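As the structure is a prediction and not an experimental result, all values here were calculated from the model. Here is the naming used below: chain letters follow the sequence lines, and residue numbers restart at 1 for every chain.
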Amino acid sequence: MHMFRPRPGLVLVAALAASLASSAPLVAQVGTEVLAQQSLRPYWYVFIAYALAWLLLLGWMFSIGRRMRGLEDGGTGKRDA
Amino acid sequence: MSLARIRWMATVLGVLGVAGVLVLHWLVFFWVGTERTMGIVQRIFYVHVPSAWVTFLAFGITALCGAAYLWLRDERLDWAAQSAAEGGLVFGAIMLTSGPLWAAYAWGTPWTWEPRLTLTLLMWFVFVGYFLVRASAEDRQAGKRMAAVIGVLGALLIPLVHVSVLWFPSLHPQPVVLNVEEGPTLDGDMLITLMIGLLAFTLIFFSVFCLRYGLEHMRYQRAIATREQPRAT
Amino acid sequence: MTVYLRQVAAIVRKDLLLEVRTGERLAAMGALTVLVAVLFHFAIDQGLVRMQVLAAGLIWMTILFGGMLGMGRTFEMEREQGAIQGLLTSPVPLDGIYLAKVVSNFVLVTLIEVVALAAYWLFFGFNYGNDLLLLAGVLGVATLGFVAVTTLFAAISAQTNMGQTLLPILIFPLLVPVVIFGVTATGRIFASRPVQEVEGSLYLLAAFTVVALTAGTILFRYVVEE
């Protein structure tokens, strides 16, 4: 039985990972500019909040992808975790 | 709807959503003005509020599809309710992690009993119960019905829970620091950024929702293919 | 209608009779109630906090946990004996079964409330205020709402392999209004505040109870249907 690979998931994963990776140097860059005047702490809070958001989303998509692959590879895929 | 069609929708919504997220990132990190009193940390707002909105949306979809499932007994409604509930769990977690991070810096305390934050926490636990019941039900069909009942009852009682937590601070005075009226009054650029955030999150939610729905669809097809007929309702 | 009421009454009578004969649930609930009060005595440093200040909160927590312990077994005995099949296939409508279970649970929880009030009065000399009638009214309305939600979820948790472990996760998020307004109202009654300060909470408790009872009556059939 031929089933599709969850490509839309991969597209999303790749794009979100890219956006996550791109935001890291941005935050750091903005951070260093103002390092003279103020603490970096709020930037870290913002960065962690955004990173956690995307990590949670990616985790969700990975888990869906894994379950789909499990189904394709002949698992029963009966129960969710 | 065929599996290919669902997948196509997931892709289109996903591409749009990711584009929205990229724009949102650019706006948040380079364009939008810094809020005067709370400073940089207020930028969490643009991920916090959209995730809260999606959590409520997901809760609504779960309740509506659950009620419709109890009535019509169409498996697809159960797939949709379940997919939305899973989204609610994920976006609720985003809301519940970004909120305390913001609060920890802006107000010096990670958790405030701010009514909407409290409500989301309680709603999140209703979602947790939804999945625990599904997973531990001795009979799968009963599990679906009971999960739907939880969704519906949750939606009926949540407004009352909301009223309770809203009025709770008025019964017990709170420090003024924690008094969060509607967030800061929004400037134009902040409003635009927020709107983009809401749009992007909603698109992402529906994209992954379709993906998750497709998974249930695959399970169903697989069950038919392996001649393990899903019990008729 | 009268047939319906008689059927409901018959189940209530059967449940209460069973309870009187075995005393199973009532004994466990009563013991828990008293023991929780004993533990609170040791858990709270009475040199730092006046117990009376916490009275309403302590009593409500005791009622919640004691009530949950007993109500979790609402359908347990019948399931173990297989009697649930007989009950479900009997001519009594499913919502009638739910209402009957709500009534018998209500009686049970009311009894442990009396135990709790007596125990706390005995152990800590709590002052319950002047308006005992209003107190009974608030407790009655709040208990009905509590029982309406918990009975429905007891039917749900009985059909899972997690059993009663699941019950608190399911009911506590939804019982927040009962706790908030129940504690507020009883706390003010204990402090002998004027009725006007209690009314608002009482109306909201009543609204919660009406919604919970209506929803439970409608939704119960989907939980137990075969």
Side-chain angles (χ1 to χ4, degrees), chain A residues 1 3-20 22-23 25-27 29-31 34 38-61 63-72 74-81, chain B residues 3-4 7-15 17-19 21-22 24-26 28-30 38-44 46-48 51 82 86-87 89-91 93-95 97-99 101-102 104-106 131 134-135 140 204 207-208 210-212 214-215 218-219 221-223 225-226 228:
Chain A
M1 181 173 59
M3 281 282 197
F4 70 82
R5 292 270 149 188
R7 244 174 290 143
L10 286 180
V11 171
L12 277 174
V13 165
L16 281 177
S19 81
L20 181 63
S22 68
S23 68
L26 295 189
V27 173
Q29 186 192 329
V30 177
V34 288
Q38 59 185 113
S39 140
L40 267 177
R41 229 175 110 233
Y43 290 91
W44 274 110
Y45 277 79
V46 174
F47 179 65
I48 293 169
Y50 277 78
L52 275 177
W54 303 133
L55 281 177
L56 280 165
L57 262 178
L58 290 178
W60 186 29
M61 284 185 295
S63 105
I64 294 174
R66 221 191 48 224
R67 283 179 272 177
M68 279 187 164
R69 234 158 291 135
L71 266 183
E72 285 170 19
T76 54
K78 250 198 161 147
R79 275 270 153 95
D80 304 358
Chain B
L3 200 49
R7 200 180 137 223
W8 185 77
M9 270 179 69
T11 314
V12 171
L13 288 169
V15 168
V18 168
V21 163
L22 289 173
L24 177 72
H25 272 239
W26 188 79
V28 168
F29 291 118
F30 292 110
M38 277 183 279
I40 297 297
V41 80
Q42 184 265 343
R43 279 159 209 256
I44 293 177
Y46 308 113
V47 63
H48 180 72
S51 57
Q82 192 188 350
E86 218 171 275
L89 215 52
V90 172
F91 281 91
I94 294 177
M95 195 264 189
T97 49
S98 59
L101 273 166
W102 177 6
Y105 190 82
F131 281 105
R134 277 193 94 99
R140 282 199 83 189
I204 294 267
S207 166
V208 190
C210 288
L211 215 60
R212 181 68 182 77
L215 173 64
M218 278 173 71
R219 276 193 187 142
Q221 285 190 337
R222 169 129 206 134
T226 51
E228 180 209 306

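The two residues A/Met68 and B/Leu211 have their closest heavy-atom pair at CE-O, 3.3 Å. Residue B/Ala104 comes nearest to A/Tyr45 through the heavy atom pair CB-CE2, 3.9 Å, listed as atom of the first residue, atom of the second, then distance. Nearest approach of A/Ala53 to B/Val47, heavy atoms of both residues: CB-CG2, 3.7 Å. Contact between B/Ile44 and A/Tyr50 at its shortest, heavy atoms only, is CA-CE1, 4.2 Å. Nearest heavy atom pair, residue B/Arg222 against residue A/Leu71, reads NH1-O, 3.0 Å.
In this structure, the separation between CE on A/Met61 and CZ on B/Arg212 is 14.0 Å, given to the nearest 0.5 Å. The OG atom of B/Ser51 sits 11.5 Å away from the CG atom of A/Leu52 when rounded to the nearest 0.5 Å. With rounding to the nearest 0.5 angstrom, the CG atom of A/Leu57 is 4.5 Å from the CZ atom of B/Phe91. Atom-to-atom distance recorded for A/Arg67:CZ and B/Met218:CE is 11.5 Å, nearest 0.5 angstrom. Taken from CH2 in A/Trp54 to CD1 in B/Ile204, the straight-line distance is 6.0 Å, to the nearest 0.5 Å.
For chain A, the nearby part of B/Thr97 is the side chain; its heavy atoms alone come within less than 4.5 Å.
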